[in-house]
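Have a look at the structure below before the remarks.
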Amino acid sequence: MKKLDLDDKKIEKARELAGKIVSPVQEFISSHTTVSVERAVLRLFGVDGVNRDEIPMPNVIVDNINNAGKLSKGAAWWLGKALISLDCTLPDIYEKLEDKKFDITSVNGASDEEVREFLDTQAGEVLDEITGKREKRKSLKEKLGEGKEPLLYVIVATGDIYGDVVQAQAAALQGADIIAVIRSTGQSLLDYVPYGATTEGYGGTYATQENFRIMRQALDRIGNEIGRYVRLVNYSSGLCMPEIAVMGAMEELDMLLNDAMYGILFRDINMKRTFIDQYFSRRIIAFAGLIINTGEDNYLTTSDAVEEAHTVLASQFINEQFALRAGLKPSQMGLGHAFEMDPLIENGFLMELAQAQMAREIFPEAPLKYMPPTKHKIGNIFFSHLLDGMFNLASVMSNQSIHLLGMMTEAIHTPFLQDRFLSIENAKYVMNNTRNLSDDIMFVKGGYIQERAQKVLDEAVRMLEEVEQTGVMKAIENKKFASVSRSPGGGKGLEGVVAKAKDYYNPFEEKLFQFFNCR
Amino acid sequence: MKKLDLDDKKIEKARELAGKIVSPVQEFISSHTTVSVERAVLRLFGVDGVNRDEIPMPNVIVDNINNAGKLSKGAAWWLGKALISLDCTLPDIYEKLEDKKFDITSVNGASDEEVREFLDTQAGEVLDEITGKREKRKSLKEKLGEGKEPLLYVIVATGDIYGDVVQAQAAALQGADIIAVIRSTGQSLLDYVPYGATTEGYGGTYATQENFRIMRQALDRIGNEIGRYVRLVNYSSGLCMPEIAVMGAMEELDMLLNDAMYGILFRDINMKRTFIDQYFSRRIIAFAGLIINTGEDNYLTTSDAVEEAHTVLASQFINEQFALRAGLKPSQMGLGHAFEMDPLIENGFLMELAQAQMAREIFPEAPLKYMPPTKHKIGNIFFSHLLDGMFNLASVMSNQSIHLLGMMTEAIHTPFLQDRFLSIENAKYVMNNTRNLSDDIMFVKGGYIQERAQKVLDEAVRMLEEVEQTGVMKAIENKKFASVSRSPGGGKGLEGVVAKAKDYYNPFEEKLFQFFNCR
Amino acid sequence: MEEKLKKIKPYGDTLNDGAVQLSFTLPLEAGPRADAAALELSKKMGLEDVHVVHSNSLGLGFSFFVVYGKCRHLIDVEKLKFIETAFPLMEFDEVNRYIRMKIGRKITVAGACTGTDAHTVGIDSIMNMKGFHGNPGLERYSEITAYNMGSQVRNEDLIAKAIEVDADAILVSQVVTQKDIHLSNLTHLVDILEAEGMRDNVILVVGGPRITPALAKELGYDAGFGPGTLPQDVASFIAYEMARRKGGES
Amino acid sequence: MEEKLKKIKPYGDTLNDGAVQLSFTLPLEAGPRADAAALELSKKMGLEDVHVVHSNSLGLGFSFFVVYGKCRHLIDVEKLKFIETAFPLMEFDEVNRYIRMKIGRKITVAGACTGTDAHTVGIDSIMNMKGFHGNPGLERYSEITAYNMGSQVRNEDLIAKAIEVDADAILVSQVVTQKDIHLSNLTHLVDILEAEGMRDNVILVVGGPRITPALAKELGYDAGFGPGTLPQDVASFIAYEMARRKGGES
Ligand code: B12
Ligand code: B12
Ligand SMILES: Cc1ncc(COP(=O)(O)O)c(C=O)c1O
Ligand SMILES: Cc1ncc(COP(=O)(O)O)c(C=O)c1O
């Protein structure tokens, strides 16, 4: 139901502007690759494990190639060539690489034809495998069924994957639909993906393939028990965006937090690096049928949610264009927004509702990710619990899809078992008790809510016009988003950006392109 | 704003039926008095204090007259006659009454004329005094101003009036607009009003004139400090309804819980007795400009709030007619209703909202008293706090007037200082944050909310038709209200009912009648 | 939870991390002194790693605190003493069948909410037809004759009724517990029953939101039922206890 | 509250009634045993008159409790030890005036949120123009030159900056406290400063939601500021402390 009387022309205009904003970046992206993109490609080919110094094999290989100054041709090429030339398996290559003097790019033998054919065949198989996993998920979801939207999303963050499993299964029993395993603090700044099961993380558990697997199994087990499909989420933003996307596809995750803007603004990751990484990661995610979650909600933790509401909307338009260009369907775009206004504002709830409803109407097919109040949470857990209740209400009143649960202890610690229980209980009560309220109310024409939404849309259009003028990189430098300034030359990871050579070859890029073009 | 599309004809019809229901009871009332009505009259004349056996003087005198079998002429008459005949003051009479053999009705001397004139003059003075207090309150209210509606109403219940003062003042500081001092458990069944300041009550503090005075002063003091008028409430339902009404008028209370139906159903007080008491008490209250609070909300503590919602509405119609006949203006009718549905019902909030909005539309001028969830409260204080938040929302969304705050510890104990604080904080947040939501939304025509309200109105009309057939006393016997059965001959206090003699004289009744007829 | 611990502590997100939440009010002006008092108190209660995560003034020299900390105390699970009223939980039909078989006649019960306590909902939930949460009340059992006297009933009147109807069991409800009024009320009932020499002839049951099996035993009752009790719990207990006393069960 | 008590307890609705609320989770299946454990634990914590007012299963062998009880422990108000960072609280203009008068030159401060901690909002609230809750940040003071390095800053880099700008004060923000990461981070900074022989030449201030004056002192900082700190608090402290060290205040 459309309730806000928004001007469709303005929405269209915003989309156009966002398209124009994204185009030049997209051009830059196409002509570059990164160490992480290349490691992701290797992972797709099955490269995994660590060497004797505990360095992950994808890093070992890419560093090897990069040190030889030959990454611009694509890591797959050199690996493929070495495998055929030496007629060996991956473990053989790993073994050779233990010798620091071994240079994988120096292996010769196979012809370009042979390498290309080998890579194409292999890539085809890998993609078939991913398709298989995608189908498997789909049928499991159909078999078990899912909870009602808004789906209840909670985090676990014990730092021990086995502890996380207990928390996650208990949460599922209590009614959670989606489980996110929070990463160890600072993992997004690591230029590699840790290996193996984690039992001691800081404020979270490392995103590793093994951890993904352990949790996926645990959730499938509990899902079968309770007869409800439980989704698994992890974080792909950061320096290893594409690799984690691959891991997510392999281990059958359902969603990944995935947003270059988030990394730039909140992790000080170099923008060039992460835009490139984002593109390839989203190609994989699109193919694997996962949902991305974007991070616009975070803007409101540093800038004021009333004043800067339009920056969230403007960024959603931009993110949508980036996503479309990477082949994501609207139904895979969990665009982020948040309930972050100062609770002491008169009629603040009306503004929140306007914002949430607006996002719903502008992105009707997107499984919006709605974030709870966090910034204005304080140690008064009773008040905090109430605030979450009002957030839950706003969500069901505006038909949100992916609903992150607020915790009454948000200002204190990562959730205890009981915090999560109380939070789920809160959401279940509020949402069930007001289930069809949204169908039963209309907003007064020209009233407070409508005017607020219209104002925010106007401001977003104005902002997009400005960003289109300066370009998104300059706009970021000018603190347009989240009041944070980052420069194209600053931040972490720029050294991992490599201009593609003319003969750069990444079999997946091509195949994925084909896949999307023929859809 | 009318939102429910209710049929005005049905509302009119309900009012007519309620009028017909009340008429025969009103006739019965007019021809009877009670010991408590007579004690109230004596209190108006200034009778107060206790005798050497600690028995309140109003009781001593009325019992004296009653024992002589002469109460049917009215206690005022005998007291007036004695005072003139003996040319003495009240203390002299008290002194004489210490002698158990003294019979006040045997005092002779004054002529009927003299007595009548004396009583009329005195009564005139007393009523002038009450008018003065009423004016004083009005101007204080104007000077200080009041909080925004819904006004926040909290209880204090330490059992010690000085403890109550601390709680009440703190509550006012925290934002409460209205303070009710809960009575000691069981006081409503006492056929006298205790005397003096209470420092040890059970689950409450006795309603005594001294306690009223202490709290009134305390609230005026804090009200002046914070620059906001703080209202004081106490309880007049029970066996001493009229006396407490007089005390409330004298001590400048702002509101009194006052409802015969409550006493009948929940305290097993005889219905004849309490209907008579209610009438005179309401005459006083009407004159003194207080607001009554009725107790329909309580029905939903024993019967189901979804199934029996219409009984609340039907009873409100009846109570309105009783109130009108006692001279109360609609603006003095704090008709009770409550948010008492099982929180686990899907769309329960929509039904609650329908009910609250309906009461608002049907009684547009009444300062409705909206009661919080209590019955479904459990020891889970976090859930309970949330439930109160949703109640606060329903209240502000339907423009209620007098809003009783729910306590997160409702299922546990009478409120601690911190409970009240958290509750006020809850209401202030929710109401401020959604202040104009009500102005900004409409209900879908023929939607869930409208249909629910219309259904409840239909059922209420049907019920009133039935009650009109059987009479209200029989209807009570048939468990029509609160699923409780009470018979006209049962319950406490019937022995205190006295048929008025032809020459019954109560100077106030007449004066109050005149007052209202010429308004 | 696979692990079975013998000595346990509260759990936040790691086994035996001891996580506990407190809230309370102190009669001190909000400020560093009050915060220090809150910290001190929490430590005295056995908390380590105490965080006073919230404090605010309540006015008039009071302040409110929310505290999280880690509790030192360990509970030895195996040494815990608790009373479980021992009886086989039976459903509606089973109870009727059981009474027919083991007692061979209808059981009579008299119940009331006593003293000045006016809360009928609890006792009604147990005794009236309608029952509680869909579970039918004692009145509906074919093999039980139930007399519910309502609320505000004097102990003396309840006993008189029990004598009049020759009750096998007396059911008492107590909801209001302020100033421990329920304790004196409940003790008083037992005292009169003993004075009348009736105590051993009836099954004496008490219920209410603050009643626990342990408290009931302590006060001299045969059983106590707390929040969420269903009529079938009470029916099962009475039937079983009667059979046991007859020697039909042990 | 007229009465001044020396020994206090928590307050529910009567002075020193001891009322305290607890909530916690136990690694036990919900039921009488778990309830008994909750009761036992509450008693060990020094509660009397304990009511386990709520319990429910959390699944997987855990259960959740809400408890009310009356605390035995008394706090001797006069014996409480607490650290109040001693400085006169000055407003914006006053601070500037004070610096001009007592120091006679601009003060330089360097600040950062250190380690892997990425929370800038706290340090920004104190240092940036905009300030916090309408209270202007250090950057806005005419007599203060403020360098805010943002978040995720290594201790070494912060110190290098302090040396570079010849800072009078170093401001550190620490928000993430999981696994006590802030403690090692904060101690590490002091260690380097000492190793560099710089410790006594700077005023060292730490802030964050879990920072208390006491903790700051314990870790070797000159002052610590917790939740709700305003820039003027920090400005006042630094100005006063500099004057004091110069001998201008005592
Ligand atoms: C409804 C209600 C009322 C209604 C009662 C209507 C009625 N006819 O019963 C009205 C409005 C009249 C009322 C009045 C008062 N109430 Co009241 N009331 C409540 C309320 C909201 C719900 C109680 C209820 O019905 N629960 C539902 C039933 C089903 O639960 P239950 O009683 O626990 O019963 C279950 C079990 O305990 C058990 N059980 C109970 N009895 C028995 C007996 C046997 C034999 C067995 C086997 C089992 C059993 O089985 C039942 C089903 O599982 C509670 C708060 C709350 N949410 O609990 C306050 C509450 C009980 N009331 C309270 C008070 C103080 C009062 C007043 C004294 C206030 C006053 N000063 O005016 C008055 C006076 C009452 C009096 N003299 O007793 C306090 C008691 C505080 C305390 N611990 O002492 C409470 C807790 C509210 C509060 N926080 O202040 N009240
Ligand atoms: C906003 C926020 C974020 C934003 C930060 C954006 C940004 N640029 O700062 C984002 C989304 C990026 C984020 C990320 C994470 N966060 Co965060 N975040 C918060 C949140 C919601 C608010 C913090 C805030 O801005 N408060 C407002 C400011 C003004 O308050 P403040 O920091 O206390 O500052 C005041 C005082 O403390 C003092 N002060 C602070 N610093 C200083 C310094 C000096 C010198 C002085 C004098 C005073 C002072 O003055 C300030 C003004 O009064 C809190 C929860 C909460 N409501 O508190 C969680 C919270 C702090 N985050 C938390 C966590 C765990 C994380 C993550 C690690 C999660 C993860 N694993 O991914 C990540 C990673 C961050 C990292 N590596 O550090 C936890 C920390 C738990 C703990 N105690 O360790 C919290 C408590 C949430 C939770 N319950 O889990 N977060
Ligand atoms: C889009 C996005 N990515 C990633 C993250 C988390 O990243 P990190 O692990 O770096 O904290 C967030 C957290 O809020 C996010 O919004
Ligand atoms: C109308 C009315 N009168 C009186 C009372 C309280 O009376 P008592 O003091 O008898 O509990 C209530 C309480 O809910 C009420 O609703």
Side-chain angles (χ1 to χ4, degrees), chain A residues 1 3 148 339 341-354 376 380-390 392-394 396-397 408-409 418-419 421-423 425-452, chain B residues 1 3 148 339 341-354 376 380-390 392-394 396-397 408-409 418-419 421-423 425-452:
Chain A
M1 198 167 16
K3 299 183 171 179
K148 283 188 194 150
F339 184 99
M341 290 177 195
D342 183 337
L344 301 187
I345 297 174
E346 192 175 41
N347 286 322
F349 185 81
L350 280 70
M351 288 193 273
E352 293 283 13
L353 193 56
H376 293 284
N380 180 344
I381 52 178
F382 302 99
F383 184 72
S384 173
H385 196 57
L386 176 66
L387 207 55
D388 290 333
M390 294 303 285
N392 294 335
L393 178 69
V396 72
M397 274 178 86
M408 65 179 200
T409 52
Q418 68 196 47
D419 300 340
F421 164 77
L422 291 167
S423 173
E425 178 186 63
N426 181 328
K428 287 208 296 192
Y429 156 58
V430 171
M431 292 182 179
N432 183 58
N433 204 231
T434 61
R435 183 64 67 193
N436 299 104
L437 187 55
S438 155
D439 303 336
D440 223 46
I441 59 175
M442 294 164 308
F443 301 143
V444 168
K445 198 169 160 72
Y448 192 100
I449 295 173
Q450 285 200 351
E451 293 217 325
R452 168 71 189 175
Chain B
M1 203 171 6
K3 298 182 171 180
K148 283 189 195 149
F339 185 98
M341 290 177 196
D342 183 338
L344 301 185
I345 297 174
E346 193 175 41
N347 287 321
F349 185 80
L350 280 70
M351 287 193 273
E352 293 283 13
L353 194 56
H376 294 284
N380 180 342
I381 52 178
F382 303 99
F383 184 73
S384 173
H385 196 57
L386 175 65
L387 207 54
D388 290 332
M390 293 302 285
N392 293 336
L393 177 69
V396 72
M397 275 179 86
M408 65 179 198
T409 52
Q418 68 196 48
D419 300 339
F421 165 77
L422 291 167
S423 172
E425 178 185 62
N426 179 329
K428 287 207 295 193
Y429 156 59
V430 171
M431 292 183 179
N432 183 59
N433 204 232
T434 62
R435 183 65 67 194
N436 299 105
L437 187 55
S438 155
D439 304 336
D440 223 45
I441 59 174
M442 293 163 310
F443 301 142
V444 168
K445 200 171 158 71
Y448 192 99
I449 294 174
Q450 285 200 351
E451 293 217 324
R452 169 71 190 174

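Quick note on labels: first sequence line is chain A, next is B, and so on, each numbered from 1. Owing to the predicted nature of the structure, the values given are computational and were not obtained by experimental measurement.
Heavy-atom pairs under 4.5 Å with chain A were tallied for B:Gly447, B:Gly348, B:Gly389; the largest tally goes to B:Gly348. In terms of non-hydrogen atom pairs under 4.5 Å with chain B, the most contact-rich of A:Asp440, A:Leu386, A:Ile345, A:Asn380 is A:Asp440. Of all the listed residues (A:Lys445, A:Glu425, A:Lys428), the one sharing the greatest number of non-hydrogen pairs under 4.5 Å with chain B is A:Glu425. Chain B forms more heavy-atom pairs under 4.5 Å with one residue of A:Asn347, A:Asn426, A:Ile441, A:Ile381 than with any other, namely A:Asn347.
Taking the six-membered ring where tryptophan is involved, the planes of B:Tyr429 and A:Phe383 are perpendicular, since the angle between them exceeds 60° and thus also 30°.
Between B:Tyr448 atom OH and B:Leu353 atom CG the span is 12.0 Å, to the nearest 0.5 Å. A:Glu352 contributes atom CD, which lies 11.5 Å from atom CG of A:Leu393 (distance to the nearest 0.5 angstrom). If you take CD on B:Glu346 and CG on A:Asn436, they are separated by 6.0 Å, rounding to the nearest 0.5 Å.
For A:Leu422, the part lying under 4.5 angstrom from a heavy atom of chain B is the side chain only. Only the backbone of A:Asp439 has a heavy atom closer than 4.5 Å to any heavy atom of chain B. Neither the backbone nor the side chain of B:Met431 comes within contact range of chain A, judged by heavy atoms closer than 4.5 Å. No part of A:Met351 comes within reach of chain B, as not one of its non-hydrogen atoms sits under 4.5 angstrom from that chain.
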- Task: Apply side-chain contact (heavy atoms from CB on, under 4.5 Å) to B:Met397 and B:Thr434, showing your working.
- Result: CA-CA 8 Å; B:Met397 275 179 86; B:Thr434 62; 5.6 Å; no
- Query: Could you go step by step and tell me if A:Leu437 and B:Ile449 meet the side-chain contact (heavy atoms from CB on, under 4.5 Å) rule?
  - Reply: CA-CA 9 Å; A:Leu437 187 55; B:Ile449 294 174; 4.1 Å; yes
